[in-house]
Structure formats: C-alpha cells, structure tokens
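Notes follow the structure.
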Amino acid sequence: MPDERQTLSAEDAIIDARRAKAEVMRARGENPFANDTVPRLGGHTGDIAQVRATAADAQDAAGRYDESRVRALVGDEVFHVRGRVIALRSTGGLSFIRLRDRTGEIQLLVSEAALGADYARLAEFDVGDVLEAEGELTASKRGELSITPRRVRLLTKALRPLPEKWHGLTDVEIRYRQRYVDLIANPPVADVFRARSHVVRATRAILDEQGFLEVETPTMHTLIGGAAAKPFLTHHNALDMDLLMRIAPELYLKRLVVGGLERVYEIGRCYRNEGISTRHNPEFTILEFYQAYATYDDLIAFMESMLQGIDHRLAQAMPAAHATWAAARPFSLDHPFAQVSMDRAVVAAAERTAIPEWLSAVGDGGGDALVTVLKGSLGERIKEWAKSSPRAKGLDWSNFRKAFGKCDSDGERLFACYEYLAEPFLVDDYRTPDGKHSVPVFIKDYPIEVSPLARRNDARPELADRFEIFLQGRELGNGFSELNDPDDQAGRFRAQVERKARGDEEAMDYDADYIRALEHGMPPAAGFGMGIDRLVMALTNATSIRDVILFPLLRPEASPGKSTP
RNA sequence: GGGCCGGUAGCUCAGUCGGUAGAGCUGCGGACUUUUAAUCCGUAGGUCCCGGGUUCGAGUCCCGGCCGGCCCA
C-alpha cells in the first residue's frame with residue numbers, strides 16, 4: 001500500500017527523512033542508537049573543556065589559535081570527544097561540525113582526505129544528532145580550535161529538528177513544556193539551572209560549616225501548620241486517610257530542636273494551593289533552619305553573611321555568567337543591609353507621604369498613633385489625603401482601606417499600614433550611598449497577631465521577635481526567635497483555629513503533638529525560612545519563577561507530539 | 001478571579017479595506033576543501049488554536065471556548 005497521507009507536514013517530512021537515515025544505518029548493521037562509545041585510534045576520551053584546556057596556551061590575545069602553535073603544543077595526541085551537533089556546514093570536500101557537550105563546544109574540521117570513503121556518511125548527519133569523533137587537534141584558517149577527525153560516528157539519531165539558528169526558541173509555552181528543547185536552543189537557560197544548583201550547594205556548605213545537620217521531614221501531613229497558606233489534599237488508600245501536602249516543614253524541624261539536634265536545616269519542596277503568578281508556583285523549594293541558643297538578631301547577622309556568601313560562591317563557580325547577572329542587578333548585596341523595625345518603617349513611610357495629620361500623629365506617638373488616626377477617618381479622608389504628595393497619590397488606597405477595615409486588632413492594622421504604606425517603597429527608601437542600587441532590608445518586630453509561631457518580645461508583649469528580609473522590594477525570607485512556651489503556643493493555635501472557623505482558609509490547625517513536644521522543653525532558639533526559587537530569581541535576574549523551575553506547572557497540552565513510527 | 005495582549009509553515013514573524021496564504025531560517029535536490037547566521041542555484045512545506053455566527057466570500061468582523069503572556073487581586 002502506498003502512503004495514504006495526502007499531505008505531509010514539514011515536521012513530519014523531516015522526521016520521516018531522519019528515520020530513513022536511521023534505517024539506512026541499520027541496514028548496514030550499524031545502530032543509530034549506539035552506546036558503545038570508546039576510542040578506537042588510541043585517543044583519550046575527554047570533556048570538550050578538557051580538550052580545549054590542553055591547547056589553551058596556543059591561543060593569542062584575541063582568543064584565536066594558530067595551527068603551528070597548536071601542533072607544537074599538543075603534537076599528534078589523539079582526542080576522543082562526544083557531543084551534540086549544534087551546527088553543520090559543508091563546503092564540499094570539507095565540512096565543519098560544531099559539537100557541544102556539558103562542558104563546552106568545539107569544532108570538528110572534517111575532510112574527505114582524512115575520512116576517505118566514510119566522508120559520504122556525513123550526509124546522514126543532522127543538526128541535533130549526537131556524535132563521537134576521534135582525531136588530532138588543529139586550528140582552522142580563521143583561528144578556531146578544531147579536531148580533525150579520522151573517525152566520526154553517529155551515536156544517537158535525533159528524529160526531530162531543533163528550532164532555527166537565528167532566533168532560537170522564544171515561545172515561552174514551548175520553552176516551559178519542552179524544557180529539553182529550551183535547554184539545547186537557549187544556552188543561558190542552562191546557566192540559570194547550573195546557578196540554581198550552585199546556590200543550593202553553597203547554602204548547604206555554609207550551614208554545614210556552622211554545624212547544622214541536614215534532615216528530611218515528612219511532606220505529607222495530617223495537620224496544617226508552619227505558614228499561612230491553603231494546602232493540597234491527597235489520600236492514603238491503605239489507611240483510608242486524607243493527607244495534606246506540607247506548606248512548611250517548620251513544626252517538624254522544631255520538634256528536632258526539642259530532641260536535642262539543636263542546629264537543623266531542610267531544603268525541600270513545599271506545596272501551596274494558591275494562584276500561579278510570576279512569583280508563585282504551586283510547588284516550590286524552601287530552606288528552613290533552626291538554631292538553639294540563637295536570637296532573631298543573631299539570624300539577621302547570619303543571613304546577611306550567608307546571602308553574601310552564597311553570591312560569592314556562585315561568582316567563583318560561574319564567573320562569566322555571574323558577572324553578567326551582577327552587572328544587571330538593580331540591588332547590591334555588597335553593602336550593609338538595612339534594618340528597621342516595622343513601627344519605624346511605617347513612621348518613615350508616613351513622613352514621606354507628607355500628609356499633615358499623619359506627620360503630627362507619628363511625630364508624637366509613632367505607628368500606633370497613625371493607626372488611631374486611620375481608625376477614625378481613613379474612609380472619609382482618602383480623596384483629600386491622596387492629594388498631599390506624589391507619594392500619597394501613588395498609594396493603593398482602595399485596597400489599603402479594604403485590608404485595614406478587615407483587621408481585628410491594632411497589631412494587624414499596623415501590619416496593614418506597613419504593607420500598603422512602606423513595603424511598596426522599600427526599593428526607593430533603602431539604597432546604597434551612591435543611590436544606584438537598592439539594598440536588602442530587614443523589617444523587624446512584627447505585631448504578635450500576625451506571627452503565630454514567633455516568640456513574644458520581653459519588653460513589648462504586643463510585638464514578636466520576628467523579621468522578614470526584602471530583596472529588591474520582594475519578600476525573600478522570614479525569621480524569628482521561636483516561641484517555646486507551650487501554653488502561649490497553645491493559645492496562639494486556638495486563635496488560629498478560631499480564624500479557621502470564621503472562614504480563614506490559610507489559618508493553621510491545632511497541633512497537639514507539637515504542644516506536647518514544647519512541654520518537654522525546647523531550648524531558646526531562632527529559625528529562618530527562605531524561598532530558594534526567589535533567591536535564584538534575584539541572583540540571576542529572572543523575572544518569572546518559571547524561569548528558575550525546570551518544569552513549572554502548566555495546564556496539560558492537548559496532544560503532545562504528533563509523530564508516529 | 002478581573003483587565004489588557006497574543007496563538008498563521010518545524011522555528012522567528014508579516015498578512016493593508018473582508019477578495020487565490022507570504023518571507024527568512026530550517027528541510028529536500030545540486031555546486032563548493034577553511035566555514036562561523038557560510039555562500040550560490042533549484043525546490044517542497046499550511047487544521048491560519050477550536051466551535052459557532054455574519055457574508056456571495058472570513059486568517060481578517062461578531063459570539064463562545066481552549067492555551068499562553070503581562071498587569072492587578
């Protein structure tokens with residue numbers, strides 16, 4: 001039967017043609033999906049970067065190589081490399097193949113003279129194929145370091161074509177759904193994920209050096225706690241039991257502090273059943289660590305040095321890529337980080353709005369006095385207040401009013417003031433001395449009502465010994481001295497349960513076992529949690545969390561792939 | 001959840017007022033022993049996201065849906 005398909009799409013035609021090439025190879029007794037890749041001419045197998053390093057001294061100031069210098073340096077040494085074809089050009093009896101492995105790229109300068117009859121096999125190679133090649137090093141006339149293979153062999157036939165060479169792949173949907181193509185077509189993408197690995201490695205190294213123990217705690221929970229978020233629900237069949245995917249590891253890690261492990265950390269996945277945005281993926285990676293006998297002030301100092309340390313280690317691991325990222329950063333990690341209490345941040349923000357009544361209120365009584373003024377007249381005065389200054393005009397008054405109105409306590413009201421009056425302007429208000437970069441800001445001393453797991457301040461019981469760190473205006477992490485009074489904690493859980501009963505889907509459950517653990521005595525401790533994804537975003541200038549997650553959650557596509565054998 | 005924008009060849013994109021579906025790259029055939037987005041000659045390739053409507057006629061206008069992006073919540 002002839003092929004009944006009336007029309008063949010361009011893609012199908014390409015796939016068919018490449019399959020046919022694989023069949024030709026099979027007919028010759030060769031395997032188009034081979035894995036017996038070994039040197040046959042006495043060459044030594046190496047990464048492309050190793051091969052390049054061998055000839056590094058034959059390079060001139062402009063980075064060009066000269067054939068005689070290459071020869072003088074490496075002689076007749078034979079090299080064996082493997083990699084993917086990313087460019088393929090022929091000028092007739094001479095062909096140029098650009099090969100890439102995980103360490104770099106090198107050109108194969110393939111001549112009919114060196115390969116003889118096998119030269120015709122080049123017609124079976126396509127961009128995207130994986131090859132092995134074995135031969136001596138040389139330089140092309142244009143000064144490019146090259147291998148002149150006496151043997152070149154296809155290892156893996158790529159049936160599908162790669163995106164075109166000029167523009168590459170830019171369609172973000174294909175980039176996220178087919179990350180394997182994105183990684184091949186867009187080398188900077190691979191750098192971001194290398195950076196992510198280095199960031200995690202540096203984080204581990206810094207904590208390990210301080211005597212922290214890495215642990216793994218359950219990701220399937222029976223109660224929700226440790227953060228304010230909606231959980232995912234799942235089910236265990238054998239136990240016929242609903243389970244919740246964790247929103248935070250916090251309460252398990254603190255149980256370990258009770259158990260005497262004293263310094264523990266976990267880097268792991270958490271799940272929050274919330275909207276998807278450029279800053280939110282339903283699953284994300286969190287770092288949490290807990291240190292006995294430390295206070296939140298100790299952790300503020302530690303986090304400053306830790307973030308600088310992570311960035312320095314990233315710079316050492318990937319100097320070129322890091323230089324590019326660092327040059328484009330709107331923030332600086334190399335200047336002292338700012339520290340300000342939430343109350344002072346609200347006062348400073350109120351002063352900058354230049355609203356006369358706010359000025360006189362915060363002048364006398366700080367943030368509390370501002371809250372009192374707002375309780376009296378926020379609703380009626382917005383129109384007038386908004387005219388006071390450009391900054392006042394730029395405030396999100398309607399949402400501020402809504403959030404403020406929902407608050408049950410002055411502590412929550414102060415927090416609302418912070419969120420709407422101060423937080424949007426952190427990037428403007430806290431900058432390096434030359435004004436060119438924002439600096440990270442620690443906001444300290446949160447109202448107790450919004451901090452259900454943090455220790456109450458000894459001098460001011462309405463406050464918690466808690467901080468959050470903001471990098472370029474975005475929340476990066478959250479830390480506090482831990483609440484270790486079991487009775488206080490039980491009361492805070494009860495308040496959470498009440499909120500849940502009133503419809504707060506993000507409130508925590510009462511965790512009786514955690515209270516029992518605290519009743520055994522948790523040493524004074526402080527802990528910190530940070531989103532790894534957001535840190536990697538900041539360090540690599542990514543604008544979307546999807547750019548630092550290899551396979552971000554997307555709706556399923558209608559029909560993946562169309563090719564059939 | 002709301003607003004705005006987008007979906008046309010494998011990829012990157014044009015497509016005017018509603019009137020035969022276009023380009024470049026890629027692919028395929030050919031030439032070429034120093035290319036770098038090679039060049040030159042020839043050539044193929046389409047569910048215009050899906051469904052409905054208006055119309056003599058829809059990639060284009062209208063309605064609904066799907067998928068994605070950005071902003072807001």
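All chains are named by letter (A, B, ...) in the order of the sequence lines, taking the proteins before the strands, and each is independently numbered beginning at 1.
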Legend entry - Proximity to the side chain of A:Leu169 - top-ranked nucleotide from B:U12, B:U36, B:G68: B:U12
Inset, instruction - Examine the side chains of A:Thr37 and A:Arg82 and answer whether a donor and an acceptor come within less than 3.5 Å of each other. - result: yes
Give me, pair by pair, the N or O atoms of the protein and of nucleotides 70-73 of chain B that are less than 3.5 Å apart, along with how far apart they are.
residue : atom : partner  : partner atom : Å
B:A73   : OP1  : A:Asp396 : OD2          : 2.9

Inset, instruction - With sequence neighbours excluded, give me every ring-ring contact (aromatic ring centres under 6.0 Å, His included) pair touching residues 53-95 of chain A. - result: A:His44-A:Phe79
Tabulated below should be each protein N or O lying under 3.5 Å from an N or O of nucleotides 27-31 of chain B; please produce it.
residue : atom : partner : partner atom : Å
B:C28   : OP1  : A:Lys21 : NZ           : 3.1

Inset, instruction - Check the side chains of A:Glu380 and A:Ser377 for a donor-acceptor pair under 3.5 angstrom, ignoring hydrogens and angles. - result: no
Inset, instruction - Report the C-alpha separation of A:Glu67 and A:Lys141 in whole Å, then their side-chain angles, then the decisive distance to 0.1 Å, and conclude whether the salt bridge (charged side-chain N to carboxylate O under 4.0 Å, His left out) test is met. - result: CA-CA 8 Å; A:Glu67 187 176 349; A:Lys141 277 189 180 158; over 6 Å; no
Legend entry - Residues within residues 70-89 of chain A bordering RNA chain B, heavy-atom distance below 4.0 Å: A:Arg89
Inset, instruction - Verify whether one side chain among A:Arg26 and A:Asn31 offers a donor that lies under 3.5 Å from an acceptor in the other. - result: no
Mind listing the N/O atom pairs, protein and nucleotides 13-15 of chain B, below 3.5 Å?
none

Legend entry - Contacts of A:Asp129 that satisfy salt bridge (Lys or Arg N to Asp or Glu O under 4.0 Å) - sequence neighbours left out: A:Lys157
Inset, instruction - Indicate, with a heavy-atom threshold strictly under 4.0 Å, whether A:Arg142 touches base, sugar-phosphate, or nothing. - result: base
Inset, instruction - Side chain of A:Leu94 only, please: which of B:C11, B:U33, B:U35 is the nearest? - result: B:U33
Inset, instruction - Could you tell me which residues satisfy salt bridge (Lys or Arg N to Asp or Glu O under 4.0 Å) with A:Asp504, sequence neighbours excluded, listed by chain and number? - result: A:Arg499
Legend entry - salt bridge (Lys or Arg N to Asp or Glu O under 4.0 Å) partners for A:Asp60, two or more places apart: none
Inset, instruction - Can you tell me which residue pairs pass the ring-ring contact (aromatic ring centres under 6.0 Å, His included) test with a partner in residues 98-132 of chain A, sequence neighbours excluded? - result: none
Legend entry - Any residue meeting salt bridge (Lys or Arg N to Asp or Glu O under 4.0 Å) with A:Glu124, in chain and number order, not counting sequence neighbours: A:Arg28
Inset, instruction - Check the side chains of A:Thr540 and A:Arg196 for a donor-acceptor pair under 3.5 angstrom, ignoring hydrogens and angles. - result: no
Inset, instruction - Among residues two or more places apart or on two chains, list those pairs meeting salt bridge (Lys or Arg N to Asp or Glu O under 4.0 Å) that have a residue in residues 389-401 of chain A. - result: A:Arg391-A:Asp429
Inset, instruction - Using a heavy-atom cut-off of under 4.0 Å over every strand shown, decide if A:Leu162 touches base, sugar-phosphate, or nothing. - result: nothing
Legend entry - First encountered from the 5' end of RNA chain B, between A:Ala139 and A:Ile174: A:Ile174
Inset, instruction - Mind jotting down which residue pairs meet the ring-ring contact (aromatic ring centres under 6.0 Å, His included) criterion with at least one end in residues 88-108 of chain A? Sequence neighbours excluded, please. - result: none
Inset, instruction - Please work out if A:Arg175 contacts a base, only the sugar-phosphate, or nothing of the nucleic acid, heavy-atom cut-off 4.0 Å. - result: nothing
Inset, instruction - Taking atom types as modelled, find out whether A:Asp547 and A:Tyr176 have a side-chain donor-acceptor pair closer than 3.5 angstrom. - result: yes
Inset, instruction - Ignoring the backbone of A:Lys165, work out which of B:C67, B:A38, B:U33 is nearest its side chain. - result: B:A38
Legend entry - Check: B:U35 base within 3.5 Å donor-acceptor of A:Glu144 side chain: no
Inset, instruction - State which of B:U33, B:G68, B:U35 makes the closest approach to the side chain of A:Gln107. - result: B:U35
Legend entry - Polar pair under 3.5 Å, donor/acceptor by atom type, side chain A:Thr91, base B:U33: no
